[in-house]
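Taking it in order: structure first as C-alpha coordinates, then the write-up.
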Amino acid sequence: MGNDVLFETLLRLADNHLILGHRLSEWCGHAPMLEEDLAMPNIALDLIGQSRALYAYAAEIENQGRSEDDLAFLRLEKDYHNILMVERPNGDFGHTMLRQFLFSSFMVLFWERAQNSTDKVLSGIAGKAFKESQYHVRHTAEWIIRLGDGTEESHKRMTAATAALAPYIGELFEADAVDQSAISAGIIPRASDLRGAWETQVRSVYAEATLEPILDHQAQTGGRIGQHTEDMGFLLAQLQYVQRTYPNMTW
Amino acid sequence: MVTSEQQSAWDAAAAVLDPEVPAVTVADLGILRSVEMTGGRSVLAKVTPTYSGCPAVSAIEIAIDVALREAGFDPTIERVMSPPWTTDWVTTEGREKLRAYGIAPPVQASNSLRALFGDTVVACPRCASTDTTRVSEFGSTACKALYKCDACHEPFDYFKCI
(Lines give C-alpha, C1' and ligand atoms only; values in the text may rest on other atoms or scores of the structure.)
Protein backbone atom coordinates (compact mmCIF):
# COMPACT_ATOMS: atom_id res chain seq x y z
CA MET A 1 0.00 0.00 0.00
CA GLY A 2 1.38 3.37 -0.98
CA ASN A 3 1.15 6.62 0.90
CA ASP A 4 -1.48 7.78 -1.56
CA VAL A 5 -4.04 5.41 -0.04
CA LEU A 6 -3.32 6.67 3.46
CA PHE A 7 -3.42 10.28 2.24
CA GLU A 8 -6.75 9.80 0.47
CA THR A 9 -8.22 7.97 3.47
CA LEU A 10 -7.22 10.78 5.83
CA LEU A 11 -8.50 13.39 3.41
CA ARG A 12 -11.95 11.79 3.15
CA LEU A 13 -12.27 11.59 6.91
CA ALA A 14 -11.02 15.14 7.36
CA ASP A 15 -13.37 16.50 4.69
CA ASN A 16 -16.38 14.84 6.33
CA HIS A 17 -15.56 16.52 9.62
CA LEU A 18 -14.64 19.94 8.26
CA ILE A 19 -17.73 20.23 6.08
CA LEU A 20 -20.14 19.04 8.77
CA GLY A 21 -18.41 21.27 11.33
CA HIS A 22 -18.89 24.20 8.96
CA ARG A 23 -22.57 23.39 8.47
CA LEU A 24 -23.11 23.26 12.23
CA SER A 25 -21.29 26.56 12.69
CA GLU A 26 -23.96 28.20 10.50
CA TRP A 27 -26.32 27.77 13.45
CA CYS A 28 -24.18 29.96 15.70
CA GLY A 29 -26.45 32.77 16.88
CA HIS A 30 -29.54 31.20 15.31
CA ALA A 31 -30.28 28.25 17.59
CA PRO A 32 -33.75 27.99 19.16
CA MET A 33 -32.35 28.47 22.67
CA LEU A 34 -29.15 29.58 24.37
CA GLU A 35 -28.13 26.07 25.42
CA GLU A 36 -28.32 24.88 21.82
CA ASP A 37 -26.44 27.94 20.69
CA LEU A 38 -23.64 26.62 22.92
CA ALA A 39 -24.10 22.98 22.02
CA MET A 40 -23.92 23.20 18.23
CA PRO A 41 -20.75 25.31 18.01
CA ASN A 42 -19.26 23.03 20.69
CA ILE A 43 -19.95 19.97 18.55
CA ALA A 44 -18.69 21.91 15.50
CA LEU A 45 -15.47 22.66 17.39
CA ASP A 46 -14.96 18.98 18.12
CA LEU A 47 -15.52 18.13 14.45
CA ILE A 48 -13.24 20.87 13.15
CA GLY A 49 -10.62 19.94 15.76
CA GLN A 50 -10.75 16.34 14.55
CA SER A 51 -10.43 17.53 10.94
CA ARG A 52 -7.40 19.66 11.82
CA ALA A 53 -5.59 16.68 13.30
CA LEU A 54 -6.45 14.65 10.19
CA TYR A 55 -5.45 17.40 7.72
CA ALA A 56 -2.18 18.05 9.54
CA TYR A 57 -1.30 14.37 9.34
CA ALA A 58 -2.48 14.13 5.71
CA ALA A 59 -0.25 17.09 4.77
CA GLU A 60 2.70 15.37 6.44
CA ILE A 61 2.00 12.11 4.58
CA GLU A 62 1.55 13.89 1.24
CA ASN A 63 4.87 15.71 1.77
CA GLN A 64 4.29 18.14 -1.10
CA GLY A 65 4.66 21.32 0.90
CA ARG A 66 0.93 21.77 1.46
CA SER A 67 -0.18 22.72 4.97
CA GLU A 68 -3.34 21.72 6.84
CA ASP A 69 -4.77 25.14 5.92
CA ASP A 70 -3.99 24.62 2.22
CA LEU A 71 -5.87 21.34 2.34
CA ALA A 72 -8.82 22.84 4.20
CA PHE A 73 -9.19 26.09 2.25
CA LEU A 74 -7.54 25.94 -1.14
CA ARG A 75 -8.95 22.99 -3.01
CA LEU A 76 -11.67 23.04 -5.64
CA GLU A 77 -15.05 21.44 -5.14
CA LYS A 78 -14.18 18.27 -7.07
CA ASP A 79 -11.13 17.76 -4.84
CA TYR A 80 -13.23 17.52 -1.66
CA HIS A 81 -14.03 13.89 -0.97
CA ASN A 82 -16.62 14.12 1.81
CA ILE A 83 -19.84 12.13 1.73
CA LEU A 84 -22.92 13.99 0.51
CA MET A 85 -24.83 13.85 3.80
CA VAL A 86 -22.51 16.32 5.53
CA GLU A 87 -22.80 18.99 2.82
CA ARG A 88 -26.61 19.02 2.68
CA PRO A 89 -28.13 22.30 3.87
CA ASN A 90 -29.10 22.44 7.54
CA GLY A 91 -32.84 22.59 6.98
CA ASP A 92 -34.69 23.10 10.25
CA PHE A 93 -33.34 22.31 13.70
CA GLY A 94 -34.78 18.78 13.65
CA HIS A 95 -33.14 18.04 10.30
CA THR A 96 -29.78 19.26 11.60
CA MET A 97 -30.08 17.13 14.74
CA LEU A 98 -31.08 14.03 12.76
CA ARG A 99 -28.18 14.41 10.32
CA GLN A 100 -25.79 14.74 13.25
CA PHE A 101 -27.31 11.75 14.98
CA LEU A 102 -27.03 9.52 11.90
CA PHE A 103 -23.45 10.61 11.23
CA SER A 104 -22.20 10.54 14.84
CA SER A 105 -23.80 7.15 15.52
CA PHE A 106 -21.72 5.83 12.63
CA MET A 107 -18.56 7.64 13.75
CA VAL A 108 -18.77 6.27 17.31
CA LEU A 109 -18.59 2.75 15.85
CA PHE A 110 -15.93 3.77 13.34
CA TRP A 111 -13.65 5.52 15.86
CA GLU A 112 -14.10 2.77 18.42
CA ARG A 113 -12.60 0.26 15.98
CA ALA A 114 -10.13 2.71 14.46
CA GLN A 115 -8.44 2.85 17.85
CA ASN A 116 -6.87 -0.44 16.75
CA SER A 117 -5.69 1.03 13.44
CA THR A 118 -2.30 -0.17 12.23
CA ASP A 119 -1.56 3.53 11.75
CA LYS A 120 -0.53 4.83 15.15
CA VAL A 121 -1.35 8.48 14.48
CA LEU A 122 -4.85 7.63 13.27
CA SER A 123 -5.40 5.38 16.27
CA GLY A 124 -4.44 8.29 18.54
CA ILE A 125 -6.89 10.64 16.81
CA ALA A 126 -9.54 7.89 17.04
CA GLY A 127 -9.08 7.52 20.80
CA LYS A 128 -9.98 11.15 21.35
CA ALA A 129 -12.69 11.36 18.71
CA PHE A 130 -14.38 8.22 20.05
CA LYS A 131 -15.04 9.87 23.40
CA GLU A 132 -16.24 13.11 21.81
CA SER A 133 -18.57 11.36 19.36
CA GLN A 134 -20.38 9.62 22.21
CA TYR A 135 -21.41 13.02 23.54
CA HIS A 136 -22.69 14.00 20.12
CA VAL A 137 -24.82 10.87 19.84
CA ARG A 138 -26.28 11.26 23.27
CA HIS A 139 -27.14 14.91 22.79
CA THR A 140 -28.71 14.49 19.36
CA ALA A 141 -30.59 11.28 20.28
CA GLU A 142 -32.32 13.17 23.10
CA TRP A 143 -33.56 15.72 20.57
CA ILE A 144 -34.72 13.12 18.05
CA ILE A 145 -36.86 11.51 20.76
CA ARG A 146 -38.16 14.81 22.13
CA LEU A 147 -39.11 16.15 18.71
CA GLY A 148 -40.28 12.88 17.14
CA ASP A 149 -42.49 12.06 20.10
CA GLY A 150 -43.41 15.71 20.59
CA THR A 151 -46.13 17.86 19.07
CA GLU A 152 -47.96 17.15 15.84
CA GLU A 153 -45.84 19.78 14.12
CA SER A 154 -42.49 18.52 15.47
CA HIS A 155 -43.38 14.94 14.57
CA LYS A 156 -44.30 16.03 11.04
CA ARG A 157 -40.99 17.82 10.65
CA MET A 158 -38.96 14.91 11.99
CA THR A 159 -40.75 12.56 9.61
CA ALA A 160 -39.82 14.90 6.75
CA ALA A 161 -36.20 14.92 7.95
CA THR A 162 -35.98 11.11 8.04
CA ALA A 163 -37.20 10.99 4.43
CA ALA A 164 -34.90 13.81 3.31
CA LEU A 165 -31.78 12.22 4.80
CA ALA A 166 -32.51 8.59 3.91
CA PRO A 167 -30.91 8.76 0.43
CA TYR A 168 -27.59 9.77 1.98
CA ILE A 169 -27.32 6.91 4.48
CA GLY A 170 -26.01 4.27 2.08
CA GLU A 171 -22.89 6.25 1.27
CA LEU A 172 -21.75 5.95 4.90
CA PHE A 173 -21.24 2.23 4.37
CA GLU A 174 -19.70 2.28 0.90
CA ALA A 175 -16.16 1.20 0.14
CA ASP A 176 -14.41 1.82 -3.17
CA ALA A 177 -10.97 0.55 -4.20
CA VAL A 178 -9.18 3.12 -2.04
CA ASP A 179 -11.22 2.14 1.01
CA GLN A 180 -10.63 -1.53 0.28
CA SER A 181 -6.87 -0.99 0.26
CA ALA A 182 -7.03 0.94 3.52
CA ILE A 183 -9.21 -1.77 5.08
CA SER A 184 -6.87 -4.53 3.94
CA ALA A 185 -3.93 -2.64 5.44
CA GLY A 186 -5.80 -2.41 8.75
CA ILE A 187 -5.88 1.39 8.67
CA ILE A 188 -9.65 1.74 8.94
CA PRO A 189 -12.49 -0.63 9.84
CA ARG A 190 -14.80 -1.95 7.12
CA ALA A 191 -17.81 0.35 7.19
CA SER A 192 -20.25 -2.33 6.08
CA ASP A 193 -19.31 -4.37 9.17
CA LEU A 194 -20.64 -1.53 11.29
CA ARG A 195 -24.07 -1.39 9.67
CA GLY A 196 -25.74 -3.93 11.96
CA ALA A 197 -24.76 -2.16 15.16
CA TRP A 198 -25.57 1.21 13.60
CA GLU A 199 -29.06 0.11 12.57
CA THR A 200 -29.79 -1.35 16.00
CA GLN A 201 -28.93 1.96 17.61
CA VAL A 202 -30.81 4.09 15.09
CA ARG A 203 -33.89 1.86 15.09
CA SER A 204 -34.15 1.96 18.88
CA VAL A 205 -34.00 5.77 18.92
CA TYR A 206 -36.47 6.05 16.01
CA ALA A 207 -38.82 3.68 17.85
CA GLU A 208 -38.70 5.75 21.01
CA ALA A 209 -39.23 8.84 18.89
CA THR A 210 -42.27 7.18 17.23
CA LEU A 211 -40.61 7.66 13.83
CA GLU A 212 -40.80 5.26 10.92
CA PRO A 213 -37.26 4.01 10.23
CA ILE A 214 -36.53 4.86 6.60
CA LEU A 215 -33.03 3.42 6.27
CA ASP A 216 -32.92 1.39 3.07
CA HIS A 217 -33.47 4.11 0.53
CA GLN A 218 -31.71 4.10 -2.83
CA ALA A 219 -28.34 5.63 -2.00
CA GLN A 220 -27.08 8.85 -3.54
CA THR A 221 -23.30 8.63 -3.80
CA GLY A 222 -20.34 10.29 -5.46
CA GLY A 223 -18.86 12.39 -2.67
CA ARG A 224 -15.83 10.11 -2.34
CA ILE A 225 -14.76 10.93 -5.88
CA GLY A 226 -15.68 14.60 -5.82
CA GLN A 227 -19.16 14.48 -7.35
CA HIS A 228 -21.14 16.75 -5.06
CA THR A 229 -24.65 18.07 -4.66
CA GLU A 230 -25.53 21.54 -5.90
CA ASP A 231 -25.09 22.98 -2.40
CA MET A 232 -21.38 22.21 -2.06
CA GLY A 233 -20.14 25.09 -4.19
CA PHE A 234 -22.07 27.64 -2.15
CA LEU A 235 -20.71 26.15 1.06
CA LEU A 236 -17.13 26.37 -0.21
CA ALA A 237 -17.66 29.92 -1.42
CA GLN A 238 -18.34 30.92 2.15
CA LEU A 239 -15.75 28.63 3.73
CA GLN A 240 -12.95 29.76 1.43
CA TYR A 241 -13.84 33.41 0.91
CA VAL A 242 -11.27 34.96 3.23
CA GLN A 243 -8.35 32.79 2.06
CA ARG A 244 -9.24 33.34 -1.58
CA THR A 245 -9.64 37.08 -1.16
CA TYR A 246 -6.56 37.63 0.99
CA PRO A 247 -4.18 34.78 0.06
CA ASN A 248 -1.88 33.60 2.86
CA MET A 249 -3.58 35.86 5.38
CA THR A 250 -3.20 34.70 8.98
CA TRP A 251 -4.97 35.89 12.11
CA MET B 1 16.96 9.67 36.60
CA VAL B 2 15.61 13.18 36.93
CA THR B 3 18.45 15.67 36.81
CA SER B 4 18.17 19.05 38.49
CA GLU B 5 18.19 20.62 35.03
CA GLN B 6 15.26 18.49 33.94
CA GLN B 7 13.45 19.34 37.17
CA SER B 8 13.87 23.07 36.60
CA ALA B 9 12.64 22.70 33.01
CA TRP B 10 9.59 20.81 34.27
CA ASP B 11 8.97 23.43 36.95
CA ALA B 12 9.09 26.24 34.39
CA ALA B 13 6.68 24.51 32.00
CA ALA B 14 4.41 23.17 34.74
CA ALA B 15 3.77 26.65 36.17
CA VAL B 16 1.96 27.81 32.99
CA LEU B 17 -1.68 28.60 33.71
CA ASP B 18 -4.58 27.37 31.60
CA PRO B 19 -5.74 30.47 29.65
CA GLU B 20 -9.43 29.62 30.01
CA VAL B 21 -9.32 28.44 33.62
CA PRO B 22 -6.45 30.52 35.04
CA ALA B 23 -6.89 28.96 38.49
CA VAL B 24 -5.09 25.78 37.42
CA THR B 25 -1.79 25.04 35.73
CA VAL B 26 -1.17 22.82 32.73
CA ALA B 27 0.40 20.30 35.12
CA ASP B 28 -2.67 20.34 37.39
CA LEU B 29 -4.85 19.48 34.37
CA GLY B 30 -2.54 16.76 33.10
CA ILE B 31 -2.14 18.58 29.77
CA LEU B 32 1.66 18.72 30.16
CA ARG B 33 2.68 15.10 29.71
CA SER B 34 6.46 15.24 29.95
CA VAL B 35 9.54 17.46 29.70
CA GLU B 36 12.76 15.77 28.54
CA MET B 37 16.29 17.11 28.09
CA THR B 38 17.42 16.33 24.54
CA GLY B 39 21.03 17.53 24.66
CA GLY B 40 22.56 20.79 25.88
CA ARG B 41 19.79 23.21 26.81
CA SER B 42 17.35 21.65 24.37
CA VAL B 43 14.12 20.32 25.83
CA LEU B 44 11.17 18.46 24.39
CA ALA B 45 7.83 19.21 26.06
CA LYS B 46 4.88 16.98 25.22
CA VAL B 47 1.41 18.45 25.43
CA THR B 48 -1.97 16.78 24.88
CA PRO B 49 -5.19 18.67 24.10
CA THR B 50 -8.21 18.16 26.36
CA TYR B 51 -10.59 18.13 23.37
CA SER B 52 -9.67 17.88 19.66
CA GLY B 53 -11.11 21.29 19.00
CA CYS B 54 -9.90 23.02 22.16
CA PRO B 55 -9.07 26.53 20.88
CA ALA B 56 -6.69 27.06 23.80
CA VAL B 57 -4.18 24.40 22.72
CA SER B 58 -2.09 26.71 20.54
CA ALA B 59 -2.09 29.42 23.23
CA ILE B 60 -0.99 26.85 25.80
CA GLU B 61 1.82 25.58 23.57
CA ILE B 62 3.07 29.12 22.99
CA ALA B 63 2.91 29.89 26.72
CA ILE B 64 4.95 26.77 27.56
CA ASP B 65 7.45 27.65 24.84
CA VAL B 66 7.85 31.16 26.27
CA ALA B 67 8.14 29.90 29.87
CA LEU B 68 10.90 27.46 28.91
CA ARG B 69 12.78 30.12 26.93
CA GLU B 70 12.59 32.53 29.85
CA ALA B 71 14.09 29.80 32.04
CA GLY B 72 17.02 29.57 29.62
CA PHE B 73 16.04 26.48 27.66
CA ASP B 74 15.70 25.85 23.93
CA PRO B 75 12.27 24.18 23.72
CA THR B 76 10.47 22.08 21.16
CA ILE B 77 6.77 21.52 21.81
CA GLU B 78 5.19 18.32 20.57
CA ARG B 79 1.45 17.73 20.51
CA VAL B 80 0.58 14.13 21.36
CA MET B 81 -2.86 12.63 20.79
CA SER B 82 -2.25 9.19 22.23
CA PRO B 83 -3.09 8.11 24.83
CA PRO B 84 -6.05 10.50 24.77
CA TRP B 85 -6.35 12.98 27.62
CA THR B 86 -8.75 12.00 30.36
CA THR B 87 -10.10 13.89 33.34
CA ASP B 88 -8.54 11.15 35.49
CA TRP B 89 -5.26 13.00 34.90
CA VAL B 90 -6.46 16.13 36.71
CA THR B 91 -4.45 16.08 39.94
CA THR B 92 -5.98 16.11 43.41
CA GLU B 93 -4.55 19.59 43.89
CA GLY B 94 -6.00 20.61 40.52
CA ARG B 95 -9.45 19.40 41.57
CA GLU B 96 -9.28 21.45 44.75
CA LYS B 97 -8.19 24.56 42.82
CA LEU B 98 -11.08 24.12 40.38
CA ARG B 99 -13.57 23.86 43.24
CA ALA B 100 -12.16 26.94 44.96
CA TYR B 101 -12.45 28.79 41.61
CA GLY B 102 -16.16 27.90 41.41
CA ILE B 103 -15.95 25.05 38.89
CA ALA B 104 -17.13 21.63 40.06
CA PRO B 105 -14.22 19.24 39.43
CA PRO B 106 -14.73 16.10 37.35
CA VAL B 107 -16.09 13.14 39.23
CA GLN B 108 -13.42 10.39 39.20
CA ALA B 109 -13.41 7.36 36.95
CA SER B 110 -14.01 8.55 33.40
CA ASN B 111 -14.11 4.98 32.17
CA SER B 112 -17.59 4.46 33.53
CA LEU B 113 -20.30 5.25 31.02
CA ARG B 114 -22.35 6.86 33.75
CA ALA B 115 -19.60 9.38 34.36
CA LEU B 116 -19.15 9.99 30.64
CA PHE B 117 -22.82 10.71 30.20
CA GLY B 118 -23.09 12.93 33.23
CA ASP B 119 -25.36 10.68 35.25
CA THR B 120 -23.18 11.26 38.25
CA VAL B 121 -23.84 13.31 41.35
CA VAL B 122 -22.13 16.66 41.00
CA ALA B 123 -21.68 18.69 44.17
CA CYS B 124 -22.13 22.48 44.08
CA PRO B 125 -18.67 24.08 44.30
CA ARG B 126 -20.07 26.86 46.49
CA CYS B 127 -22.31 25.22 49.09
CA ALA B 128 -21.32 21.55 48.55
CA SER B 129 -24.96 20.48 48.20
CA THR B 130 -25.51 17.49 45.93
CA ASP B 131 -29.00 18.77 45.09
CA THR B 132 -27.97 19.92 41.62
CA THR B 133 -29.44 19.83 38.10
CA ARG B 134 -27.72 19.71 34.74
CA VAL B 135 -28.87 22.65 32.63
CA SER B 136 -26.86 21.89 29.52
CA GLU B 137 -24.38 19.27 28.46
CA PHE B 138 -22.37 21.97 26.74
CA GLY B 139 -20.98 25.04 28.45
CA SER B 140 -18.76 28.04 27.83
CA THR B 141 -15.86 25.82 26.76
CA ALA B 142 -15.62 22.31 25.31
CA CYS B 143 -14.52 20.84 28.63
CA LYS B 144 -17.43 22.14 30.72
CA ALA B 145 -21.15 21.53 31.23
CA LEU B 146 -23.68 23.92 32.80
CA TYR B 147 -25.28 23.04 36.13
CA LYS B 148 -27.35 24.83 38.72
CA CYS B 149 -27.52 24.25 42.44
CA ASP B 150 -31.07 23.69 43.72
CA ALA B 151 -29.99 24.42 47.28
CA CYS B 152 -28.21 27.77 46.97
CA HIS B 153 -29.59 28.51 43.46
CA GLU B 154 -26.20 29.38 42.00
CA PRO B 155 -25.50 28.36 38.41
CA PHE B 156 -22.05 26.80 38.01
CA ASP B 157 -19.73 25.11 35.54
CA TYR B 158 -18.89 21.43 35.82
CA PHE B 159 -15.61 20.17 34.37
CA LYS B 160 -17.08 17.17 32.62
CA CYS B 161 -15.63 13.69 32.65
CA ILE B 162 -14.17 12.29 29.50
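Chain A is the first sequence line, chain B the second, and so forth, proteins listed ahead of strands; every chain is numbered from 1. None of these values were measured; they are calculated from a predicted model.
- Taking 4.5 Å as the limit, every side-chain heavy atom of B:Tyr51 sits out of range of all side-chain heavy atoms of A:Leu45.
- For the pair B:Val135 and A:Glu35, the minimum side-chain heavy-atom distance is below 4.5 Å.
- B:Phe138 pairs with exactly one of A:Glu36, A:Met40, A:His139 by the side-chain contact (heavy atoms from CB on, under 4.5 Å) rule, that one being A:His139.
- At most 12 non-hydrogen atoms from other residues, nucleotides or ligands lie less than 6.0 angstrom from CD of A:Glu208.
- In this structure, chain A has no heavy atom under 4.5 Å from any part of B:Pro83.
- Sparse packing is recorded around CZ of A:Arg157, with 12 or fewer heavy atoms of other residues, nucleotides or ligands lying under 6.0 Å away.
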Practice task
Could you check A:Asn42 against B:Glu137 for side chain to side chain contact (heavy atoms under 4.5 Å, CB included), going step by step and ending with a plain yes or no?
Solution key: CA-CA 10 Å; A:Asn42 257 300; B:Glu137 213 149 353; over 6 Å; no
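- Crowding of B:Tyr101 atom OH: a count of heavy atoms from other residues, nucleotides or ligands under 6.0 Å exceeding 12.
- Interatomic distance, OG of B:Ser52 versus CD of A:Glu132, reported as 3.5 Å (0.5 Å rounding).
- Both the backbone and the side chain of A:Leu38 come within less than 4.5 Å of a heavy atom in chain B.
- A:Ala53 touches chain B through its side chain: at least one heavy atom from C-beta onward sits under 4.5 Å away, while N, CA, C and O do not.
- With a threshold of 4.5 angstrom between heavy atoms, A:Gln115 does not approach chain B through any atom at all.
- Contact tally against chain A (heavy-atom pairs below 4.5 Å) for B:Pro55, B:Ser136, B:Pro84: the top residue is B:Pro84.
- At least one donor-acceptor pair under 3.5 Å links the side chain of A:Lys128 to the backbone N or O of B:Thr50.
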